[in-house]
Enquirer: 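After the structure tokens below, expect a handful of questions from me.
Proteins get letters first, then strands, A, B, ... in listed order; numbering begins at 1 in each. Atoms considered below: every heavy atom in the structure, side chains included; atoms not considered: hydrogens, waters and symmetry mates.
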Amino acid sequence: MADERKVKILVAKPGLDGHDRGAKVVARALRDAGFEVIYTGLHQSIDQIVQTALQEDVDAIGISILSGAHMYVFPTLIQKMKEVGLDDVIVFGGGIIPLDDIPKLKEAGVKEIFLPGTSLETIVEWVRENVKPRKVTL
Amino acid sequence: MGLVDLLLKGDKRAAARAMRIVEEEYPEAKELLRAIYPYTGRAYVLGVTGPPGAGKSTMIDKLTKHLRKRDYKVGIIAIDPSSPFSGGAILGDRIRMQDLSLDEGVFIKSLATRGQLGGLAKATDAVAQIMDAMGMDFIIIETVGTGQSEVDIVKTADTTIVVVVPGLGDDIQAIKAGILEIADIFVVNKGDRPEADRTVRDLRVMIELVERKEDEWKPPVVKVSALYDSGFDELIDSIFQHKLYLEKTGRFESHRKDKVKELFVGLLKDRVCSKAISGLKESGIYDVLIDNIYNRKVELYNAIDSIRVIFDYSELKVLLGD
Ligand SMILES: Nc1nc2c(ncn2[C@@H]2O[C@H](COP(=O)(O)OP(=O)(O)OP(=O)(O)O)[C@@H](O)[C@H]2O)c(=O)[nH]1
Ligand SMILES: [Mg+2]
């Protein structure tokens, strides 16, 4: 048997805007903390993110968002994940998100939001605490 | 419906869960693999290797789209190395295959090597079997080639494709060293670059210099541009020619039998070794033994030879129907 079960995390950047520097930095920090990170690059559609999460059987999805579309992206993503049976995958995010929106996003099912300036250690620590390998059954 | 039935029907979520089970070596893996085993062996396995950045993922993306046009279902296993320091990994091959995610007839799995040498992940074969059982016609395995580590992909794949790129100067020398022997097909990618034709010529010359028997396969060199989507019909023709060659000469069977042997021996080594080690550890001998060898009180080979292993094949004979 394997000594430890690896945690798999999808880091994705939806939408058409900008660069993926932030997402890459987070992906690297997570790798250096021992996680397996599926990194899919820029311009992901929500459907692509859902399908990737499903095929890669990830335990969590980290979304990087700058475009201001967060109030659309997160709830839609969570809804579509439910539709394909991925209710137990943890969703977290980071980016420029107004403070007022954070409670609404959490209500929609986003587990945590990291604002710009959050240290990588904080993010990694949070992931370590909150993301565990999902259960399996035959 | 159980996981196995769903996966045999091609259900992707079930397949993904099954792959996790085998990858993490959950206890359920054994039953799972036994249940699907009768439904495997049909898919044709392509191995794709080559230096970092050669365009393997981009090439696989295009190749897959062409195979899909011909109505084949395609499973892709993209392998990247784990960090030796943290054990973590960044699996980034999907960046080049984004729109395949939404294709019903495609399934992509990223795997980290998790300390396994030889370029493949330990679970590669089990994951390929799951793809096979879920109905994929082709399984394409991507692995980075460093010059020495490609041997494993050759054993796993029916056809091994080596991707090279033009204009790396003495890179051709590096190719000569390790890769020439393993390629069934050479792909010169980035064929949109002006130096590509020279690389094709150089490679063909080198291939001619290799001595081979009359009926032996001579690897074709196919120029493609993954970026501009050219050359793929010729590549697919070459793949089918190689497949036909293997089948006509009986090499298809013998190669797959060799693979079974390889897997059997590999797993056996793994099991026997880890059983022995954990036995030594449980009885508290392990650390003492290492200390003693280190202190030159006990010699290594003498220590190994003094271990008695008792094998019991009775259960195996039951499996074989004896
Ligand atoms: N000009 C040109 N560039 C290409 C072509 N195919 C791929 N590239 C570029 O080469 C770079 C590497 O492509 P990948 O497909 O990621 O290469 P890879 O071999 O899978 O890389 P690793 O998995 O990191 O080893 C990317 O920037 C591609 O856009 C091509 O046919 N022509
Ligand atoms: Mg790649």
Enquirer: Would you say A:E36's side chain and B:I90's backbone share a donor-acceptor pair under 3.5 angstrom?
Expert: no
Enquirer: Give, as side chain, backbone, both or neither, the part of B:S110 having an atom under 4.5 angstrom from any heavy atom of chain A.
Expert: both
Enquirer: Between A:A27, A:P133, A:G85, who has the most heavy-atom pairs with chain B when the cutoff is under 4.5 Å?
Expert: A:G85
Enquirer: Can you say whether A:V50 sits under 4.5 Å from chain B via the side chain, the backbone, both, or neither, judging by heavy atoms?
Expert: neither
Enquirer: With heavy-atom distances below 4.5 Å as the criterion, would you say the side chains of B:M97 and A:T52 are in contact?
Expert: no
Enquirer: Taking the side chain as C-beta and beyond, is there a heavy-atom pair between A:Q51 and B:K12 under 4.5 Å?
Expert: yes
Enquirer: Should the heavy atoms of other residues, nucleotides or ligands under 6.0 Å from CD of A:E83 be counted, would the total exceed 12?
Expert: yes
Enquirer: Given A:E56 and B:M19, is the side chain to side chain contact (heavy atoms under 4.5 Å, CB included) satisfied, shown in steps?
Expert: CA-CA 9 Å; A:E56 300 287 1; B:M19 289 173 192; over 6 Å; no
Enquirer: Counting heavy-atom pairs under 4.5 Å with chain A, which one of B:A89, B:S101, B:A16 comes out on top?
Expert: B:A89
Enquirer: Which atoms of B:F85 are under 4.5 Å from chain A, going by heavy atoms: the side chain, the backbone, both sets, or neither?
Expert: neither
Enquirer: Quick check: are there more than 12 heavy atoms from other residues, nucleotides or ligands sitting under 6.0 Å from CZ of A:R21?
Expert: no
Enquirer: Most heavy-atom pairs under 4.5 angstrom with chain B, which of A:L86, A:V37, A:I49?
Expert: A:V37
Enquirer: Looking at every non-hydrogen atom in both residues, tell me the closest pair between A:T40 and B:I95 and how far apart they are.
Expert: C-CG1, 3.6 Å
Enquirer: Is it the side chain or the backbone of B:V106 that comes within 4.5 Å of chain A heavy atoms, both, or neither?
Expert: backbone
Enquirer: Can you confirm whether B:L91 sits close enough to A:K8 that some side-chain heavy atom of one is under 4.5 Å from a side-chain heavy atom of the other?
Expert: no
Enquirer: Crowded around A:K132 NZ? As in, over 12 foreign heavy atoms under 6.0 Å?
Expert: yes
Enquirer: Could you go step by step and tell me if B:R20 and A:R5 meet the side chain to side chain contact (heavy atoms under 4.5 Å, CB included) rule?
Expert: CA-CA 10 Å; B:R20 191 72 180 272; A:R5 264 116 218 195; 5.8 Å; no
Enquirer: Taking the side chain from A:K6 and the backbone from B:G87, do they hold a donor-acceptor pair closer than 3.5 Å?
Expert: yes
Enquirer: Hey, does A:Q55 have a side-chain heavy atom less than 4.5 Å from the side chain of B:K109?
Expert: no
Enquirer: Does this structure show an ion pair linking B:D80 with A:R31, if we count only N-O contacts that are shorter than 4.0 Å?
Expert: no
Enquirer: What's the separation between atom CG in B:L111 and atom CD1 in A:I38, rounded to the nearest 0.5 Å?
Expert: 8.5 Å
Enquirer: Quick one about A:Q48 and B:R94 (side-chain donor to acceptor, distance below 3.5 Å, no hydrogens or angles considered), yes or no?
Expert: no
